[in-house]
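Everything on this sheet refers to the single structure shown next.
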Protein chains: 2
Amino acid sequence: MYEDLKQFIGKFANLSLEEWKAVEPFIETRLLKKNDYFVREGEIARYICFTQKGYLRVFYNHDGDDITRDISPLHTFVTALPSYVSQTPSYEIIQAITDTELFVIYHDNLEYLYDRYNNWQRVGRRVMEEMFVQTQRRIYAFITQPAEDRYKAMMKEFPDIFQHVPLQYIASYLGITSQSLSRLRRTVKF
Amino acid sequence: MYEDLKQFIGKFANLSLEEWKAVEPFIETRLLKKNDYFVREGEIARYICFTQKGYLRVFYNHDGDDITRDISPLHTFVTALPSYVSQTPSYEIIQAITDTELFVIYHDNLEYLYDRYNNWQRVGRRVMEEMFVQTQRRIYAFITQPAEDRYKAMMKEFPDIFQHVPLQYIASYLGITSQSLSRLRRTVKF
DNA sequence: GGTTTTTTTTAACATTTGGTAAAAAATGAA
DNA sequence: TTCATTTTTTACCAAATGTTAAAAAAAACC
């Protein structure tokens, strides 16, 4: 049970059996249908999830346009972090792109775990460090690469996403309009 | 002593006197002259710092061009994180933009603190969470705002930086050439 | 102070991307 | 299936930003 989750966390800390047992009562499985919401606008993100199956997108509404901050690859943690860390209403929205299976942990329970187990706190810290490093990479990409290169890099790194995610979301993630993405796809015959 | 540092950390956790005392032997003050390096290319980032005075920039060399990932505002933590977390050679370079006073803590000592004090581990986690949230904001800015808006927002949020930092670094941070920044500055008479 | 070097600005032109509108294709619902 | 809706593509023109080159300004050096 929770094999993918355990493997993911195993990259960051070696947890004892007791520490594993401590988290299990807090893990709740949630199934979302395509287009269901995980976090709605204005709602407090009271939980974080690990994506066991399916894809989520994290976006917000900017003058009527959806701005996609993230498309979750499989087997990662996802939440609307600004809301989650401060437990205030979220401007970010999280929605299922496909049918999805999530492992959900509530903020308060996770904080309890952090308080009680230094090793869990370590996992939290390490996960955040890695997410920060990844986000940095994306910033470098925005500075140094034109949209075409960002598109190619994305196809290479997350080929599975292109099987499941509408192009308009990918365009927004890349920071361009879907018309521009169409134009790129016509030109780029890798 | 360390008032600014204490205030910064105080936002994230309430540390006992003992916990404060535990860190002090590990803090080392380092003075850098303008253009001195804090981390060189290919060197392992064995420490993190808190900027007590002055400004650092974090960049890397991309085909001969400097790409500025970050210009540190005062009183924040700075390191070449990809190198720091994995203790591998750094592609990122950190250099003093002005004369600088840093409080430096070595990676191994900080890890020791993290192991020993859950509260310090908490500080590490919370700091990373906040840095991640800030980086997210920057990504949203790249997606939604043209360079002119990013420039205005930067002037508003970090007016002090414009007093001390060469425009070419600011241009790179904004993701544009210094020629484009010049053009913007001529046009934009806020 | 004068000289060299670096940084910033200006200009003309090229390229990339956006905006608008509409057609084509794909998807979903009855 | 058929119809309605949504997504993707195409086209044309506008706006933003890059590229190259050079001049002007500022800073560093002796």
Side-chain angles (χ1 to χ4, degrees), chain A residues 33-36 54-55 57 59 61-68 71 95-99 139-155 161-190, chain B residues 32-36 54-55 57 59 61-68 71 95-99 138-155 161-190:
Chain A
K33 291 274 179 209
K34 181 175 176 180
N35 293 329
D36 282 355
Y55 297 89
R57 74 181 172 122
F59 64 102
N61 189 285
H62 177 79
D63 305 341
D65 286 336
D66 286 354
I67 307 299
T68 299
I71 297 169
Q95 194 174 18
I97 296 174
T98 61
D99 290 356
I139 285 181
Y140 274 132
F142 272 110
I143 297 180
T144 59
Q145 300 178 353
E148 180 175 330
D149 293 355
R150 300 202 299 277
Y151 168 69
K152 285 181 189 164
M154 190 178 176
M155 285 208 69
I161 283 184
F162 288 79
Q163 312 300 318
H164 301 286
V165 177
L167 289 168
Q168 51 183 332
Y169 302 158
I170 291 172
S172 173
Y173 178 87
L174 291 170
I176 58 178
T177 60
S178 54
Q179 293 92 322
S180 292
L181 180 56
S182 261
R183 179 168 37 198
L184 288 183
R185 286 160 53 82
R186 181 173 20 144
T187 319
V188 178
K189 293 302 174 199
F190 38 119
Chain B
L32 296 183
K33 292 275 179 208
K34 182 176 174 177
N35 293 330
D36 282 355
Y55 297 90
R57 74 179 171 123
F59 64 101
N61 189 286
H62 177 79
D63 304 339
D65 286 336
D66 285 355
I67 307 300
T68 299
I71 297 170
Q95 192 175 20
I97 297 175
T98 61
D99 290 357
R138 192 150 162 233
I139 285 181
Y140 274 132
F142 272 110
I143 296 180
T144 60
Q145 300 178 354
E148 180 175 330
D149 293 356
R150 300 202 299 277
Y151 169 69
K152 285 181 187 165
M154 190 179 175
M155 286 208 69
I161 283 183
F162 288 80
Q163 312 300 317
H164 301 286
V165 177
L167 289 168
Q168 51 183 331
Y169 302 157
I170 292 172
S172 172
Y173 178 87
L174 292 170
I176 57 178
T177 61
S178 55
Q179 293 91 321
S180 292
L181 179 56
S182 260
R183 180 167 36 198
L184 288 183
R185 286 159 55 81
R186 181 173 21 143
T187 320
V188 178
K189 291 305 176 198
F190 37 120

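Here is the naming used below: chain letters follow the sequence lines, and residue numbers restart at 1 for every chain. Just the heavy atoms: all of them, side chains too, but no hydrogens, waters or symmetry mates, feed the values below.
At whole-Å resolution of the value, CG in A:L181 and P in C:dT16 are 16 Å apart. Taking atom CD of residue B:Q168 and atom P of nucleotide C:dT10, one finds them 17 Å apart after rounding to whole Å. Per the geometry, CG belonging to B:D99 stands 11 Å off P belonging to D:dA28, to the nearest Å. Between the P atom of D:dA26 and the CD atom of B:Q163 lies a distance of 16 Å, rounded to the nearest Å. Atoms CD1 (A:I67) and C1' (C:dG18) sit 13 Å apart, rounded to a whole Å. One interatomic measurement links the two molecules: CD of B:E148 to P of C:dT17, which rounds to 19 Å at whole-angstrom precision. Spacing between atom CD1 of B:I176 and atom C1' of D:dA15 amounts to 15 Å, rounded to whole angstrom units. Between the P atom of D:dT17 and the CD atom of A:Q145 lies a distance of 18 Å, rounded to the nearest Å.
Taking only side-chain nitrogens and oxygens, B:T177 comes nearer than 4.0 Å to OP1 or OP2 of D:dG18. Checking the phosphate oxygens (OP1, OP2) of C:dG28, a side-chain nitrogen or oxygen of A:K34 falls inside 4.0 Å. Phosphate contact (OP1/OP2 of D:dA11, side-chain N/O of A:R186, threshold under 4.0 Å): present.
For A:S182, whose side chain is taken as the heavy atoms from C-beta onward, the closest listed nucleotide among D:dT17, D:dT10, C:dT10 is D:dT10. The side chain of A:S180 sits closest to C:dT17 out of D:dG18, D:dA16, C:dT17. For B:L167, the listed nucleotide lying nearest its side chain is C:dT9; candidates were D:dT7, C:dT9, D:dT9. The side chain of B:R183 sits closest to C:dA12 out of D:dA16, C:dA12, C:dG28. Set against D:dT9, C:dG18, D:dA16, the side chain of B:P146 has D:dA16 as its closest nucleotide.
For the pair A:R183/A:Q179, no side-chain contact is recorded, criterion being any heavy-atom separation below 4.5 Å from C-beta on.
Residue A:Q179 places no side-chain atom within donor-acceptor reach of the base of D:dT10, judged by atom type and a 3.5 Å distance cut-off alone.
Nearest-nucleotide assignment on DNA chain D puts the 5′-proximal partner with A:Y169, out of A:I143 and A:Y169.
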Verdict with supporting geometry, B:F59 and B:Q95, side chain to side chain contact (heavy atoms under 4.5 Å, CB included):
CA-CA 8 Å; B:F59 64 101; B:Q95 192 175 20; 3.7 Å; yes
Step-by-step side chain to side chain contact (heavy atoms under 4.5 Å, CB included) determination, B:L184 to B:I176
CA-CA 10 Å; B:L184 288 183; B:I176 57 178; 3.9 Å; yes
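Side-chain atoms of A:R185 and A:Y151 form a donor-acceptor pair, as typed in the model, at a separation below 3.5 Å.
Judged by distance alone, with hydrogens and angles left aside, the side-chain atoms of A:R150 form a donor-acceptor pair with the main-chain N or O of A:L174 at under 3.5 Å.
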